Amino acid sequence: MRAIAEAPAKAIVTGEHFVVHGAWAVAAALPRKVHVTIEPSSRFEVVSDLFGMTGSPELLPVSRVVEAMAREFSEKPNVRVTISSDVPGGAGLGSSAATMVAVASAFSELNSLGLSVPELVDCAMVGERSIHGNPSGIDPAVCAHGGVILFRTDTPPKRISFGGTRSLILTYSGLKRSTRGQIGHVSKMKEKYPGMFEMLARGMSELSLRASEMLREGDMRELGTLLTVNHAALMSLGVSNNTLDQIVDVLLSMGSYGAKLTGAGGGGSVLAVAPEGKEKSIVSGLSARGFETFRVKIPVQGVKSWLER
Ligand code: MEV
């Protein structure tokens, strides 16, 4: 018997980095997935299409999640974990969070633990902490819950519900970066300029609350304006770079309502919203400049798991 789980990728719509320091942020699950299979084995083994096999440092967090769950629920950690993913790593699209959530969910399914979504997020956080240092938890929360969430570290995530779908454009810069390093950089900025940081964090928290209303109402024009303002705040923290700024400029010059880096920055991806009639030409324009760009529809379902005999 084996357990299978699938968890979606994510994009931070607004409020990344500031969310680590107590601000509201908005995140959406995306229609790209990490797929995990867990089956009993004579010892712990892990194989990934992106990161090789047991012993590869990138896969250590997977063993941390399995060991912690085995300890907590008195189960055997002797399992074979197989991971396949269509979420690029280091692209700011939640590849690690989706992996940790899917591993927790498949392990729960295999052992009939019946864990709730918040419990799965807690288990996934063991792996996330070992990768990113001091993450807010927004990434595993949105990968597990799915949909679009308004998130603050001291409150359970609130789902932003709306009828129909909303469309987002994502452009991958092609530059990988470490979330841990970016979070560390922001903490240093906070230490150095506490007053400025406090002001920006308060502003971005308010901006995220407003962005959640705009998503609910489908006011993509105003949402776009908020995205661009958020990008400026992230630039001032020093987590953007020339490539990301250039992508934002191109997206704006081609008629997007707004654009910003998404996730930890320093590389990764840019998120934009655009008028429906312009989305196709924007996607081909960015692709022609060599940046992998795709349009996605949200909302998307969160983690799911099942058994196969
Ligand atoms: C990364 O997707 C989002 C950050 O805010 C880190 C975190 O919240 O854990 C940069």
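Just follow the structure's listing: the first ligand is 1, and inside any ligand the first atom is 1. Owing to the predicted nature of the structure, the values given are computational and were not obtained by experimental measurement. Sequence positions, counted from 1, serve as the residue numbers for this chain.
- Of the N or O atoms in T179, none lie within a sub-3.5 Å distance of an N or O in ligand 1.
- Protein heavy atom closest to atom 7 (C) of ligand 1, with residue, atom name and distance, is S136 OG, 3.3 Å.
- For an aromatic pair to be called close, the ring centres must be under 6.0 Å apart, and F73 with F107 fails this.
- In the vicinity of P135, heavy-atom distances shorter than 4.0 Å reach the ligand 1 atoms 9 (O).
- Judged by distance alone, with hydrogens and angles left aside, the side-chain atoms of R32 form no donor-acceptor pair with the main-chain N or O of P8 at under 3.5 Å.
- Each of the following atoms of ligand 1 lies closer than 4.0 Å to a heavy atom of V19: 5 (O), 8 (O).
- Short contacts between ligand 1 and I183, defined as distances under 4.0 Å to a heavy atom of the residue, involve ligand atoms 6 (C).
- Between D139 and K10, at least one side-chain N (NZ, or NE/NH1/NH2) sits under 4.0 Å from a carboxylate O, which counts as a salt bridge.
- The distance from ligand 1 to the heavy atoms of K10 drops below 4.0 Å at these ligand atoms: 2 (O).
- Per-residue contacts place V20 under 4.0 angstrom from the following atoms of ligand 1 (heavy atoms of the residue considered): 5 (O), 6 (C), 7 (C), 8 (O).
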request  = Would you please test K304 and E109 for salt bridge (Lys or Arg N to Asp or Glu O under 4.0 Å) and show each step?
outcome  = CA-CA 10 Å; K304 60 177 184 190; E109 187 74 50; over 6 Å; no
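- For the pair K190 and E198, the salt-bridge criterion is not met [side-chain N within less than 4.0 Å of a carboxylate O].
- Judged by distance alone, the side chain of T225 and the main-chain N or O of R221 form a donor-acceptor pair under 3.5 Å.
- In this structure, atom 1 (C) of ligand 1 lies nearest to the protein heavy atom D139 OD2, 3.5 Å.
- Of all the atoms in ligand 1, the ones that sit under 4.0 Å from a non-hydrogen atom of I138 are 8 (O).
- Each of the atoms 10 (C) of ligand 1 lies under 4.0 Å from some heavy atom of A264.
- Taking a 4.0 Å cut-off on heavy atoms, H17 registers as neighbouring ligand 1.
- Numbered from 1 in the order shown, with element, the atoms of ligand 1 that lie under 4.0 Å from a heavy atom of E16 read 5 (O).
- Relative to the ring axis of F44, R80 does not place its NZ or CZ within 45° and under 6.0 Å from the centre.
- A donor and an acceptor atom, one from each side chain of S173 and T243, are nowhere located under 3.5 Å apart.
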